[in-house]
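Take a look at the structure below.
What you see below is based on every heavy atom in this structure, not just the backbone, and it leaves out hydrogens, waters and symmetry mates.
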Amino acid sequence: MGADILFLSEMKLDDKRMKWFRWALGLVNTVVKDCEGKGEGIAVLWRRGVDVVPRNFSKYHIDMDVKDEDGREWRFIGVYGEPRTDSKEQTWQMFWDLIKILVKPWMLAGDFNEIPFAHEKGGRQRNQRCMDTFCQVLEECGVEDVGYEGDKFTWRNNNHSEEGYIRERL
C-alpha cells in the first residue's frame with residue numbers, strides 16, 4: 001500500500017504528465033500550483049477515501065484540512081521554501097502566519113530549502129547563520145522533526161564533478 005497523501009515540490013510536470021503520474025500512483029485527487037520560475041511548482045496528490053479540503057496556497061505552500069478514513073481531522077501544509085538566501089524571510093513569515101492560527105493537529109512537510117545542521121549536507125557547506133535562523137524559526141513555531149529511515153541524504157543534484165556534487169536531507 002502506498003501513501004495516502006503525496007507532496008511534490010519542483011515537480012516540473014506539465015498537465016499531461018501530471019495526469020498520467022497521478023493515475024499511475026492511484027492518487028487521483030490533486031491541488032497544483034504551477035511553475036512560476038525555473039524549478040518551481042508544487043502539488044499535493046491524495047487517494048480516494050481521504051477527505052481533503054484545500055484552504056489556501058501560494059508559490060511556497062499548499063495548506064489543507066484532512067479527514068482520514070478513521071475520522072481523524074488534521075491539517076497538512078506542504079512547503080517549498082524560498083531558495084534564495086536573501087529572501088528566506090518570506091518562507092519563515094509564512095510559517096509564523098500559518099502556525100499561529102492552527103488549532104488541530106498538523107503536519108508540515110516538504111523542501112524548506114534550508115537545513116538545521118551541517119551534517120545534513122554533503123558538498124558546499126551552508127552558512128551557519130542561515131542554519132541557526134532556521135532552527136530558531138522551527139523552535140518558535142513548535143516544529144519537531146519526526147525523523148525517517150533510509151539514506152542519509154534524500155536529494156542529490158546529479159552534478160558529476162566532485163566540487164559541484166551536492167547532497168542534502170530535505
Side-chain angles (χ1 to χ4, degrees), residues 1-11 21-22 25-27 29-33 39-83 88-123 125-157 166-170:
M1 175 142 206
D4 289 334
I5 299 174
L6 176 65
F7 175 74
L8 301 173
S9 62
E10 294 187 278
M11 58 190 188
F21 184 69
R22 73 183 190 162
L25 292 175
L27 302 170
N29 302 296
T30 60
V31 172
V32 177
K33 176 66 174 121
E40 298 168 0
I42 58 177
V44 176
L45 298 84
W46 66 95
R47 198 174 293 292
R48 281 190 182 103
V50 179
D51 184 13
V52 171
V53 178
R55 295 176 62 87
N56 61 63
F57 59 90
S58 72
K59 76 178 197 173
Y60 300 114
H61 81 289
I62 296 176
D63 177 18
M64 54 200 342
D65 287 319
V66 179
K67 186 174 184 180
D68 62 28
E69 292 172 328
D70 297 328
R72 291 179 297 229
E73 294 183 24
W74 52 285
R75 189 99 163 252
F76 176 80
I77 305 167
V79 175
Y80 174 67
E82 173 60 53
K88 287 191 183 289
E89 183 63 33
Q90 294 172 24
T91 303
W92 311 151
Q93 186 62 53
M94 184 254 326
F95 280 9
W96 286 311
D97 292 345
L98 287 169
I99 303 249
K100 69 183 175 187
I101 61 171
L102 294 175
V103 293
K104 58 180 85 169
W106 52 275
M107 174 183 243
L108 187 66
D111 180 357
F112 305 127
N113 270 313
E114 190 55 79
I115 56 172
F117 309 108
H119 70 269
E120 293 184 344
K121 184 173 181 92
Q125 292 300 304
R126 290 289 302 142
N127 177 299
Q128 185 64 48
R129 187 172 44 167
C130 292
M131 291 186 292
D132 291 345
T133 300
F134 183 48
C135 286
Q136 180 182 354
V137 169
L138 295 177
E139 183 176 323
E140 289 173 4
C141 292
V143 176
E144 295 181 28
D145 186 346
V146 295
Y148 75 104
E149 293 181 18
D151 193 329
K152 177 180 176 179
F153 301 114
T154 58
W155 177 86
R156 289 167 170 72
N157 70 348
I166 299 172
R167 303 154 314 276
E168 288 186 9
R169 175 181 177 214
L170 301 183

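Listed by first and then second residue, the ring-ring contact (aromatic ring centres under 6.0 Å, His included) pairs involving residues 88-110 are Trp92-Phe95, Trp92-Phe134, Phe95-Phe112 (not counting sequence neighbours).
For Glu144, the CD atom is loosely surrounded, since the number of other residues' heavy atoms within 6.0 Å does not exceed 12. By the 6.0 Å contact criterion, CD on Glu139 is open, its count of non-hydrogen atoms from other residues, nucleotides or ligands being 12 or less.
Here the CE atom belonging to Met64 is positioned 11.0 Å from the CD1 atom belonging to Ile77, to the nearest 0.5 angstrom. A distance of 6.0 Å separates CG in Leu98 from CG in Asn56, rounded to the nearest 0.5 Å. Rounding to the nearest 0.5 angstrom, the gap separating the OG1 atom in Thr30 from the CG atom in Leu45 is 6.0 Å.
For the salt bridge (Lys or Arg N to Asp or Glu O under 4.0 Å) criterion with Arg169, the lone passing option out of Asp145, Asp111, Asp151 is Asp145.
Classification of the Trp74-Phe76 ring pair by plane angle, with boundaries at 30° and 60°, yields perpendicular.
Nearest heavy-atom pair, Phe57 versus Val31, reported as atom, atom and distance to 0.1 Å: CD2-CG1, 4.4 Å. In plain terms, the two heavy atoms of Val32 and Ala43 that are nearest each other are CG2-CB, 4.0 Å. Closest heavy-atom contact between Glu82 and Lys88: O-NZ, 3.1 Å. Nearest heavy-atom pair across Lys152 and His119 is CE-O, 3.1 Å. When every heavy atom of Asp65 is checked against every heavy atom of Arg75, the shortest pair comes out as OD1-CD, 3.2 Å. Shown here for Ile42 and Lys59, the closest heavy-atom pair between the two residues is CD1-O, 4.1 Å.
In this structure, the side chain of Gln125 engages the main chain of Gly123 through a donor-acceptor pair within 3.5 Å. Looking at Lys121, its side chain never comes within 3.5 Å of a backbone N or O of Glu168 through a donor-acceptor pair. With hydrogens and angles ignored, the 3.5 Å screen pairs a side-chain donor or acceptor of Asn157 with a backbone N or O of Ile166.
Classification of Lys67 and Asp51 as a salt-bridged pair fails, no side-chain N sitting under 4.0 Å from a carboxylate O.
Residues forming a salt bridge (charged side-chain N to carboxylate O under 4.0 Å, His left out) with Arg72 (at least two apart in sequence, or on another chain): Asp68, Asp70. Every salt bridge (charged side-chain N to carboxylate O under 4.0 Å, His left out) that Glu73 has, sequence neighbours left out, goes to Lys104.
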Chi angles and distances behind the side-chain contact (heavy atoms from CB on, under 4.5 Å) call for Asn113, Tyr80: CA-CA 7 Å; Asn113 270 313; Tyr80 174 67; 3.4 Å; yes
Stepwise side-chain contact (heavy atoms from CB on, under 4.5 Å) test for Val50 and Ile5: CA-CA 8 Å; Val50 179; Ile5 299 174; 4.2 Å; yes
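Contact annotation: the side chain of Glu114 never approaches that of Thr91 to less than 4.5 Å [non-hydrogen atoms, C-beta and beyond]. Between Asp4 and Trp46, the closest side-chain pair of non-hydrogen atoms is not below 4.5 Å.
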